[in-house]
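Here the structure is laid out as structure tokens; the discussion comes afterwards.
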Amino acid sequence: MKQPDLGSILAAGFVAFLAIGSNIYEENAMIFIRSILEKGHLNTSLVIIVLVIVITHAIKIRPQNSSNSVFIRSGLIPLDIVLTLSTYIAVSTTACALLEGAFIQKFYHVVYFTKFSVLDIYVLMGVSALLIWYVLFHMYKLSIELFFPSKTLKLSSADKHKKQLVSQED
């Protein structure tokens with residue numbers, strides 16, 4: 001019999017807890033989400049996460065030495081950092097603004113997008129959520145590389161050559 005994965009069980013339990021809680025306290029959950037979107041807490045959090053992880057990663061691990069393809073590589077490290085920061089911050093802020101407008105228009109009947117149908121609003125919410133996931137996933141990949149560096153074996157050809165010379169002399 002296989003061993004159960006505790007992490008997956010906990011994740012499923014957490015998602016179930018959130019689903020049940022948001023179903024029971026639907027009005028409070030909607031007010032909470034609206035507050036987070038309108039006050040810019042999601043936007044600010046994403047920008048801070050991107051700034052901290054990208055700058056820390058750039059200081060500790062050079063973008064050219066990174067195994068991830070998350071960094072934009074132009075050849076100049078300062079330019080790489082600026083392009084990576086500006087890309088992820090632009091995607092984050094745009095996605096948050098679109099998500100805020102689509103959420104408020106769909107659930108609170110305030111018109112942000114005048115020529116959008118209901119389907120367009122749903123698609124806009126989905127695309128915004130996907131863009132936020134994209135940024136968070138790439139920041140996760142960078143943080144894994146930053147906080148849990150992989151050990152790379154370095155083979156020294158000089159040491160190997162010396163060992164061969166010593167064994168040949170014997």
Side-chain angles (χ1 to χ4, degrees), residues 5 7-61 63 66-148:
D5 183 17
S8 296
I9 292 170
L10 289 174
F14 180 70
V15 170
F17 173 75
L18 287 177
I20 291 169
S22 64
N23 190 23
I24 293 171
Y25 301 104
E26 183 176 351
E27 187 177 327
N28 291 339
M30 297 293 281
I31 291 169
F32 179 70
I33 293 170
R34 183 176 182 174
S35 174
I36 286 175
L37 291 173
E38 284 186 332
K39 292 182 179 178
H41 296 312
L42 178 63
N43 191 11
T44 303
S45 298
L46 286 173
V47 169
I48 289 171
I49 288 169
V50 168
L51 284 170
V52 168
I53 291 176
V54 169
I55 291 173
T56 307
H57 188 277
I59 291 170
K60 191 161 186 316
I61 302 170
S66 175
S67 63
N68 285 322
S69 61
V70 175
F71 256 89
I72 296 172
R73 291 186 173 87
S74 68
L76 299 170
I77 292 175
L79 184 59
D80 293 348
I81 295 167
V82 169
L83 287 174
T84 302
L85 280 173
S86 59
T87 299
Y88 287 112
I89 289 173
V91 169
S92 299
T93 56
T94 302
C96 286
L98 292 173
L99 184 61
E100 175 187 348
F103 180 82
I104 292 172
Q105 180 165 331
K106 172 64 184 140
F107 297 109
Y108 292 97
H109 309 293
V110 175
V111 178
Y112 272 76
F113 307 104
T114 57
K115 296 185 179 185
F116 281 28
S117 68
V118 173
L119 178 63
D120 294 330
I121 297 300
Y122 281 126
V123 169
L124 191 57
M125 289 171 65
V127 168
S128 299
L130 181 66
L131 288 173
I132 291 170
W133 174 84
Y134 173 84
V135 170
L136 288 175
F137 180 71
H138 282 143
M139 292 305 106
Y140 171 77
K141 285 173 61 177
L142 282 179
S143 64
I144 291 296
E145 188 175 64
L146 178 65
F147 299 127
F148 304 103

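We number each residue from 1, following the sequence as shown. All values below come from the heavy atoms of this structure, side chains included, with hydrogens, waters and symmetry mates left out. Computed from a prediction, not measured in an experiment: that's the story for all the values here.
- Note that CD1 of Ile104 and CD1 of Ile33 are 11.5 Å apart. Values are rounded to the nearest 0.5 Å.
- At least one donor-acceptor pair closer than 3.5 Å links the side chain of Gln105 to the backbone N or O of Phe113.
- The backbone N or O of Leu83 lies less than 3.5 Å from a partner atom in the side chain of Ser86, making a donor-acceptor pair.
- The aromatic rings of Phe103 and Phe107 sit tilted, their planes meeting at an angle between 30° and 60°.
- Heavy-atom contacts from other residues, nucleotides or ligands closer than 6.0 Å to OH of Tyr108 number more than 12.
- Note that CD1 of Ile53 and NE2 of His138 are 12.5 Å apart. Values are rounded to the nearest 0.5 Å.
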Show every donor-acceptor pair shorter than 3.5 Å between a side-chain atom in residues 14-32 and any protein atom, with sequence neighbours excluded, or say none if there are none.
residue, atom, partner, partner atom, Å
Ser22, OG, Leu18, O, 3.0
Ser22, OG, Ala19, O, 3.1

Donor-acceptor pairs under 3.5 angstrom involving side-chain atoms of residues 89-100: please list them, not counting sequence neighbours.
residue, atom, partner, partner atom, Å
Ser92, OG, Tyr88, O, 2.7
Thr93, OG1, Ile89, O, 3.0
Thr93, OG1, Ala90, O, 3.3
Thr94, OG1, Ala90, O, 2.8

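- Legend: salt bridge (charged side-chain N to carboxylate O under 4.0 Å, His left out) pairs involving residues 32-55, not counting sequence neighbours, sorted by first then second residue: Arg34-Glu38.
- Lys106 and Val118 make their closest contact through NZ-CG1, 4.4 Å (heavy atoms, listed as atom of the first residue, atom of the second, distance).
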TODO: Step by step, work out the side-chain contact (heavy atoms from CB on, under 4.5 Å) result for Leu131 and Val135.
DONE: CA-CA 6 Å; Leu131 288 173; Val135 170; 5.9 Å; no
Open item on the list: For a side-chain contact (heavy atoms from CB on, under 4.5 Å) check, start with the C-alpha distance between Leu142 and Thr56, then their side-chain angles and the critical distance, and finish with the verdict.
Closed with: CA-CA 10 Å; Leu142 282 179; Thr56 307; over 6 Å; no
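- Contact detail for His41 and Ser35: the closest heavy-atom pair is CD2-O, 4.3 Å.
- Using a 4.5 Å heavy-atom threshold, the side chains of Val47 and Leu51 count as touching.
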